[in-house]
Engineer: 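Just dropping this structure here.
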Amino acid sequence: MINYTERISLLMGDVVSRVPTLSFIDMSRVLVFARGGRTHAEGAYATCHCISLPVTDPGYYFWRDRKSGRLTRRSEWFVTKSPKVTTSIDYMISFALPRFCDQQLSRTRKQVHYSGGPNWIAKLDTIIHELYHIDPDRPGIRRMERADGTESANCHGDRFFENVVEMVRQYLDSKPDPQV
């Protein structure tokens, strides 16, 4: 039996130590865990949530108010807030099992970046993708900037995915121990 939480945590620690863009991350403040996820379901393989934000700040789930254009945690239906946590973690990263393990490079948008690569590259890309969501400058999820320098409400974009691919390549170029 494989302890995925332990193995993924060790791999994330190795990635953070080898990829300069992610070197600011303190893995002792990141809770990594598995959650149920059906193999053939749609949706995320993993998620990253910041739990150290003040309740007044927009977090991962935020919208742009239609009238004012401001980012908000309010939608037409509900308000989201960061939970109060009495432990020393800032982020939670979850992996949907067995869905995460069953990733096939050929069935993802990642295949264009890793043409002919082994399927485990898709999993490594997912791990680095989730780490890249952690903002280096402030508590929260990294926001992407538009070409004009303003913040986008979307935390993914072509540049985000390209940066993840570059970090995957940096990590592999560092010749990590295959056992990790």
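All figures in this text were calculated on a predicted structure; none of them were measured in a lab.
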Engineer: Roughly how far apart are Y132 OH and N163 CG, rounded to 0.5 Å?
Structural biologist: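 The CG atom of N163 is 3.5 Å from OH of Y132, to the nearest 0.5 Å.
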Engineer: Give, for atom CG of N3 and atom CD1 of I8, the distance between the pair rounded to the nearest 0.5 Å.
Structural biologist: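 One gets 9.5 Å once the value is rounded to the nearest 0.5 Å.
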Engineer: For the atom pair NZ (K123) and OG1 (T108), what is the distance rounded to the nearest 0.5 Å?
Structural biologist: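 Here the rounded value is 10.0 Å.
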Engineer: For side-chain contact (heavy atoms from CB on, under 4.5 Å), just list the numbers for I121 and L172, CA-CA rounded to whole Å, side-chain angles, deciding distance to a tenth of an Å, and then say yes or no.
Structural biologist: CA-CA 10 Å; I121 292 280; L172 294 175; 3.6 Å; yes
Engineer: Quick one: do M167 and V180 end up in the same hydrophobic cluster if we chain Ile, Leu, Val, Met, Phe, Trp and Tyr together by side-chain heavy atoms under 4.5 Å apart?
Structural biologist: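 Yes; V180 is reachable from M167 via cluster members.
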Engineer: First locate atom CD1 of I128, then atom CG of L11, and finally report the distance between them rounded to the nearest 0.5 Å.
Structural biologist: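 Going from CD1 on I128 over to CG on L11, the span is 7.5 Å.
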Engineer: How would you list, by chain and number, every residue that makes a side chain to side chain donor-acceptor pair (under 3.5 Å) with T126, sequence neighbours excluded?
Structural biologist: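 Listed in chain order: Q103, K110.
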Engineer: Under the salt bridge (Lys or Arg N to Asp or Glu O under 4.0 Å) test, which residues partner D26, sequence neighbours left out?
Structural biologist: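 Once residues adjacent in sequence are excluded, D26 has no partner under the salt bridge (Lys or Arg N to Asp or Glu O under 4.0 Å) criterion.
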Engineer: Mind checking what makes ring pair (Phe, Tyr, Trp, His ring centres under 6.0 Å) contact with Y114, not counting sequence neighbours?
Structural biologist: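 Y114: no ring pair (Phe, Tyr, Trp, His ring centres under 6.0 Å) contacts found.
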Engineer: Identify the two heavy atoms, one from L105 and one from G117, that lie closest to each other, and give their separation to 0.1 Å.
Structural biologist: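 Nearest pair, atom of L105 first, then G117: CD2-O, 3.4 Å.
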Engineer: Counting only heavy atoms not in F161, do more than 12 sit closer than 6.0 Å to its CZ atom?
Structural biologist: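 Buried by this count: over 12 neighbours within 6.0 Å.
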Engineer: The criterion is ring pair (Phe, Tyr, Trp, His ring centres under 6.0 Å); which residues satisfy it with Y91, sequence neighbours excluded?
Structural biologist: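 In terms of ring pair (Phe, Tyr, Trp, His ring centres under 6.0 Å), with neighbours along the sequence ignored, Y91 is linked to no residue.
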Engineer: Can you name the closest pair of heavy atoms from T5 and V32 and give their distance?
Structural biologist: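 Looks like CG2-O, 2.9 Å.
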Engineer: Not counting sequence neighbours, which residues clear side chain to side chain donor-acceptor pair (under 3.5 Å) with Y45? List them please.
Structural biologist: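 Residues passing side chain to side chain donor-acceptor pair (under 3.5 Å) with Y45: none at all.
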Engineer: Checking P20 now: which residues fulfil side chain to side chain contact (heavy atoms under 4.5 Å, CB included) with it, not counting sequence neighbours?
Structural biologist: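 Counting only residues at least two positions away or on another chain, P20 forms a side chain to side chain contact (heavy atoms under 4.5 Å, CB included) with Q170.
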Engineer: Any heavy-atom pair between the side chains of V15 and L124 that's under 4.5 Å?
Structural biologist: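 Of all side-chain heavy-atom pairs linking V15 with L124, at least one is under 4.5 Å.
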Engineer: Which heavy atom in A96 sits nearest to a heavy atom in G36, and how many Å separate them?
Structural biologist: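 Smallest interatomic distance, heavy atoms only, reads CB-O, 4.4 Å.
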Engineer: What's the separation between atom OG1 in T47 and atom CZ in R35, rounded to the nearest 0.5 Å?
Structural biologist: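 One finds 4.5 Å between OG1 of T47 and CZ of R35.
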Engineer: Measure up the F95 and F100 rings against each other and bin them: parallel (under 30°), tilted (30 to 60°), perpendicular (over 60°).
Structural biologist: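 The arrangement is perpendicular - the two ring planes meet at more than 60°.
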Engineer: Can you find a heavy atom in the side chain of Q179 that is under 4.5 Å from one in the side chain of L10?
Structural biologist: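 No, too far: nothing below the 4.5 Å cut-off.
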Engineer: Please name all residues satisfying side chain to side chain donor-acceptor pair (under 3.5 Å) with H129, sequence neighbours left out, ordered by chain then number.
Structural biologist: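 Applying side chain to side chain donor-acceptor pair (under 3.5 Å) to H129 gives H133, H156.
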Engineer: How would you list, by chain and number, every residue that makes a side chain to side chain contact (heavy atoms under 4.5 Å, CB included) with S106, sequence neighbours excluded?
Structural biologist: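 Side chain to side chain contact (heavy atoms under 4.5 Å, CB included) check on S106 returns Q104, Q111.
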Engineer: Could I get the full list of side chain to side chain donor-acceptor pair (under 3.5 Å) partners for R7, not counting sequence neighbours?
Structural biologist: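 By the side chain to side chain donor-acceptor pair (under 3.5 Å) rule, R7 matches no residue at all.
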Engineer: Tell me every residue that passes salt bridge (Lys or Arg N to Asp or Glu O under 4.0 Å) with R18, counting only those two or more places apart in sequence or in another chain.
Structural biologist: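 Once residues adjacent in sequence are excluded, the partners of R18 under the salt bridge (Lys or Arg N to Asp or Glu O under 4.0 Å) criterion are D14.
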Engineer: How would you list all residue pairs meeting ring-ring contact (aromatic ring centres under 6.0 Å, His included) that involve residues 7-38, not counting sequence neighbours?
Structural biologist: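 Applying ring-ring contact (aromatic ring centres under 6.0 Å, His included) to every pair that reaches into residues 7-38, excluding sequence neighbours, yields nothing.
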Engineer: Which is it for I93 and M12 under the side-chain contact (heavy atoms from CB on, under 4.5 Å) test, yes or no, and what are the steps along the way?
Structural biologist: CA-CA 11 Å; I93 298 178; M12 287 178 148; 3.8 Å; yes
Engineer: Suppose the criterion is salt bridge (Lys or Arg N to Asp or Glu O under 4.0 Å): which pairs have a residue in residues 167-177, not counting sequence neighbours?
Structural biologist: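 Matches after skipping sequence neighbours: none remain.
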Engineer: Hey, what do you get for OG (S17) to CD1 (I25), rounding to the nearest 0.5 Å?
Structural biologist: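 It is 11.5 Å, given to the nearest 0.5 Å.
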